[in-house]
Amino acid sequence: MGALLTKAWICAALFACVVAKAVSGAVSGVLDCVGLGASPRAQQTSSSARGGGGGCCGLDVVKFEFPVRGLPHDIDGLKVALLSDFHYVDKESDSSAQATTCASAAAVATAASQQTKKTPVRESCGEVSDLRIRISVQLLDKVVTTVNDFAPDVCLLGGDFVQHRGDDARVLCRRWLSRIKAPAGVFAVLGNHDQRYEGARQAVVDALQEVGISVLDNEIVYPVGDGLELIGVGDCTVPHDYRPQEAFASCREGVPKLVLTHNPDCSAELAGMARVSLQLSGHTHGGQIRLPGLGAVLPWLMLLVKPLPRFGWLKRHGTAVKHWEWAQGLCGIPRHENQVAAAVAAGGESGEGRQLLDADPSPSVHFLYVNRGLGAHPPGRLFCPPEVTCITLRSEEAE
């Protein structure tokens with residue numbers, strides 16, 4: 001009983017910290033990056049938590065080398081950039097949509113008041129103008145510059161390009177994603193937000209393809225020749241989009257494989273399907289709010305609010321990720337059939353993924369890297385900056 005009370009007090013304290021952050025706008029430098037202000041601190045350089053250098057707007061640039069067994073020597077040193085989770089909202093179209101909704105609501109309220117001869121209903125946009133955190137123009141500019149400075153051969157986009165409307169992807173693609181330079185191509189998969197509303201999926205696909213970005217729909221491509229397979233797998237939370245059997249149907253045994261899929265929760269299943277060199281995902285935002293030594297706060301808060309009837313919004317976010325142990329960074333998952341369910345996580349502060357990689361780079365381990373994303377949901381980020389991932393692939397036999 002005492003242990004349970006202690007855990008409850010810890011969860012309550014964490015919950016209080018999150019609420020205080022949401023109300024007071026603490027950590028303004030980070031929140032500025034996603035469009036909540038223009039503090040000079042947004043231009044300060046942040047240091048990377050996992051190698052590489054930092055950048056303005058609190059952008060974390062994570063750089064590392066990854067050994068790939070069987071990678072041909074002629075593509076040793078292949079550079080891959082990974083971006084994910086933009087959650088872009090076009091400010092102009094968003095304001096226009098809210099104004100239209102408010103005008104409609106006001107007209108209905110006025111008509112009702114005239115009909116009933118009562119005091120007019122107060123006109124307010126509060127119900128349609130929910131709290132949103134927009135990724136800022138400054139951060140997007142910095143992301144494009146950072147990627148191009150890395151000079152990747154291939155750039156991979158992990159989905160969730162928009163927050164709500166699929167049409168917002170057109171602005172994102174034309175203004176920013178079209179400027180990314182990658183000689184072997186820019187490739188994308190869709191996330192759950194890209195398919196949440198009617199018509200959004202096709203609008204996002206059209207916007208990406210319009211600027212020359214290839215959308216992988218459960219298929220294999222060979223961006224640098226037949227020595228490396230890039231497999232795009234749909235989001236495992238969207239039933240019609242997730243077809244891994246179709247994606248792996250034509251893969252070849254012994255050829256190195258990169259898998260790009262939005263949600264890392266499918267890793268355990270994919271680990272048992274094929275020998276993947278490295279899976280690249282996003283979706284988790286790294287938990288958004290992390291405490292040193294504790295990791296993502298949200299799963300701890302779930303212990304507190306799970307038995308309560310309210311806090312439905314928090315429960316939805318908490319259950320959006322099943323494997324919080326794979327919230328960020330490099331993760332190693334045993335491929336043995338009887339051990340897949342007991343996967344060992346890396347990332348976070350433990351660094352176990354790096355240790356597993358150094359100890360056993362063999363195909364017996366399914367390696368997963370989870371990018372923390374660029375956008376955010378309320379109340380923002382704390383100790384969890386947005387991320388650009390820069391990976392250099394190395395042939396395991398290369399010196």
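Computation of the quantities below employed the complete heavy-atom set of this structure, encompassing side-chain atoms and omitting hydrogens, waters and symmetry-equivalent molecules.
Across every non-hydrogen atom of Pro385 and Gly58, the tightest pair is CB-O, 3.0 Å. Of all heavy-atom pairs between Gly234 and Tyr242, the closest is O-CD1, 3.2 Å. Between Gly227 and Pro256, the closest heavy-atom pair is O-CD, 3.4 Å. Nearest heavy-atom pair across Val370 and Gly282 is CG1-O, 3.7 Å. Closest heavy-atom contact between Gly158 and His262: O-ND1, 2.7 Å. Heavy atoms only, all atoms of each residue included: Gly286 and Arg290 are closest at O-NH1, 2.7 Å.
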Between Leu228 and Leu258, is a side-chain contact (heavy atoms from CB on, under 4.5 Å) present by the stated rule, with each step listed?
-> CA-CA 8 Å; Leu228 178 68; Leu258 296 182; 4.2 Å; yes
For Phe367 and Phe66, what are the C-alpha separation, side-chain angles and deciding distance, and is it a ring-ring contact (aromatic ring centres under 6.0 Å, His included)?
-> CA-CA 10 Å; Phe367 285 100; Phe66 187 87; 5.8 Å; yes
Kindly indicate, with the supporting measurements, whether the criterion side-chain contact (heavy atoms from CB on, under 4.5 Å) is fulfilled by Glu325 and Cys331.
-> CA-CA 9 Å; Glu325 68 272 22; Cys331 312; over 6 Å; no
Would Val215 and Val189 satisfy side-chain contact (heavy atoms from CB on, under 4.5 Å), going step by step from the backbone distance to the final call?
-> CA-CA 6 Å; Val215 181; Val189 293; over 6 Å; no
Report the C-alpha separation of Ser84 and Leu374 in whole Å, then their side-chain angles, then the decisive distance to 0.1 Å, and conclude whether the side-chain contact (heavy atoms from CB on, under 4.5 Å) test is met.
-> CA-CA 6 Å; Ser84 190; Leu374 296 167; over 6 Å; no
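Note that CG of Leu82 and SG of Cys390 are 9.5 Å apart. Values are rounded to the nearest 0.5 Å. In this structure, OG1 in Thr237 is found 8.5 Å from CZ in Arg196, a value given to the nearest 0.5 Å. We find the CG-CG distance between Asp167 and Leu172 to be 13.0 Å, quoted to the nearest 0.5 Å. With values rounded to the nearest 0.5 angstrom, Ser267 atom OG is found 4.5 Å from His366 atom NE2. In this structure, Trp326 CH2 and Asn263 CG are separated by 10.0 Å, a value rounded to the nearest 0.5 Å. One distance of note links CD1 of Ile231 with CD1 of Ile220; it measures 4.5 Å at 0.5 Å rounding.
For Asp194 (side chain) and Gly166 (main-chain N/O), no donor-acceptor pair under 3.5 Å exists by modelled atom type. In this structure, Asp241 contributes its side chain and Asn192 its backbone to no donor-acceptor pair below 3.5 Å. One N or O on the side chain of Gln288 and one on the backbone of His377 form a donor-acceptor pair closer than 3.5 Å. A donor-acceptor pair is defined here as one N or O able to donate and one able to accept, closer than 3.5 Å; no such pair exists between the side chain of Glu229 and the backbone of Tyr222. For the pair Asn148 (side chain) and Ile180 (backbone), a donor-acceptor distance under 3.5 Å is absent. Within the 3.5 Å criterion, the main-chain N or O of Pro72 finds no donor-acceptor partner in the side chain of Ser395. Checked by atom type and distance alone, the side chain of Lys257 pairs as donor or acceptor with a backbone atom of Val255 at under 3.5 Å.
By the rule that hydrophobic residues join a cluster once side-chain heavy atoms approach within less than 4.5 Å of another member, Val68 and Leu78 end up as members of one cluster. Residues Met273 and Leu278 do not share a hydrophobic cluster, defined by chaining ILVMFWY side chains whose heavy atoms lie under 4.5 Å apart. A continuous path of ILVMFWY side-chain contacts below 4.5 Å connects Val221 to Val224, so both sit in one hydrophobic cluster. When the side chains of ILVMFWY residues are joined at heavy-atom separations under 4.5 Å, either directly or via intervening members, Ile135 and Val204 end up in a single hydrophobic cluster. Criterion: ILVMFWY side-chain heavy atoms under 4.5 Å apart, direct or through other members. Under it, Val365 and Ile391 are part of a common hydrophobic cluster.
Arg165 and Asp168 are joined by a salt bridge, as a carboxylate oxygen and a charged side-chain nitrogen come within less than 4.0 angstrom of each other. No salt bridge links Lys142 with Asp149; every basic N to acidic carboxylate O contact stays at or beyond 4.0 Å. Between Asp217 and Arg201, at least one side-chain nitrogen of the basic residue sits less than 4.0 Å from a carboxylate oxygen of the acidic one, meeting the salt-bridge criterion.
Considering only heavy atoms from C-beta on, Phe248 comes within 4.5 Å of Val276 through its side chain. Residues Leu156 and Leu230 have side chains in contact (heavy-atom distance under 4.5 Å, counting atoms from C-beta outward). Using a 4.5 Å heavy-atom threshold, the side chains of Leu139 and Val137 count as separate. At a threshold of 4.5 Å between non-hydrogen side-chain atoms, the residues Asp60 and Val388 do not count as touching. Between Asp235 and Thr261 the shortest side-chain heavy-atom distance does not fall below 4.5 Å. Using a 4.5 Å cut-off on side-chain heavy atoms (C-beta onward), Arg372 and Arg381 make contact. Using a 4.5 Å heavy-atom threshold, the side chains of Leu157 and Ile213 count as touching. With a 4.5 Å cut-off on side-chain heavy atoms, Thr392 and Arg394 count as touching.
Between the side chains of His87 and His285, at least one donor-acceptor pair of N or O atoms lies under 3.5 Å. Using modelled atom types and a 3.5 Å distance limit, the side chains of Gln163 and Tyr88 yield no donor-acceptor pair. At a cut-off of 3.5 Å, with distance as the only test, a side-chain donor of Asn371 or Thr389 sits close to an acceptor on the other residue. Counted by atom type alone, His283 and Asp85 present zero donor-acceptor pairs between their side chains at under 3.5 Å.
Checked against the 6.0 Å centroid threshold, Phe86 and Trp176 do not count as a close aromatic pair.
Around CG of Asp153, the count of heavy atoms belonging to other residues, nucleotides or ligands within 6.0 Å exceeds 12.
A cation-pi arrangement is not found for Lys63 relative to Phe150, the charged atom failing to lie both closer than 6.0 Å to the ring centre and inside a 45° cone about the ring normal.
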